[in-house]
Amino acid sequence: MTSDSLSDEEREQLEQELRVLQQEHGDLDAAIDALLRSSLPDQLQVQRLKKRKLLLKDRLTSVSGRLLPDIIA
């Protein structure tokens, strides 16, 4: 599905999802940074947050690709 074939409603939903994902990604980044700055960081929690952040990054890429697909020249 290309961005041209998205309805206005679908485009708005994807843009909203993208904003939410970007916010969550930033929040996770801040949480990871805060954990790593603590005197005894919980490495298991850090790894879980990093894994979640990677999953969010994949979803961000997917949603962005639907909104702005690559142009094959």
Shortest non-hydrogen separation from [X] to [Y] and the atoms involved:
X     : Y     : result
Leu18 : Ser64 : CD1-OG, 3.5 Å
Leu49 : Ala31 : CD1-CB, 4.1 Å
Leu14 : Leu67 : CB-CD2, 3.8 Å

From Gln47 atom CD to Ile32 atom CD1, the distance as rounded to the nearest 0.5 Å: 9.0 Å
Separation of Arg11 CZ from Gln13 CD (nearest 0.5 Å): 12.5 Å
Neighbour count >12 (heavy atoms, 6.0 Å) for atom CD, Glu9: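 Open.
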Sequence neighbours excluded, every pair satisfying salt bridge (charged side-chain N to carboxylate O under 4.0 Å, His left out) that has a member inside residues 28-40: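 For residues 28-40, and leaving out neighbouring residues, the salt bridge (charged side-chain N to carboxylate O under 4.0 Å, His left out) pairs sorted by first residue read Asp29-Lys53, Asp33-Arg37.
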Leu54 with Leu21, same ILVMFWY side-chain cluster at under 4.5 Å: no
Counterpart residues, side-chain hydrogen bond (donor to acceptor under 3.5 Å, both in side chains), relative to Glu24 (two or more places apart): Arg52
Listed partners of Leu44 passing side-chain contact (heavy atoms from CB on, under 4.5 Å), at least two apart: Asp42, Arg48
Side-chain H-bond candidate by donor/acceptor type, Gln22 with Arg19, under 3.5 Å: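 Per modelled atom types, Gln22 and Arg19 side chains form no pair under 3.5 Å.
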Pair Glu10 + Arg66, salt bridge at N-O below 4.0 Å: no
Side chain to side chain contact (heavy atoms under 4.5 Å, CB included) evaluation trace for Glu12 with Asp8: CA-CA 6 Å; Glu12 180 57 39; Asp8 289 343; over 6 Å; no
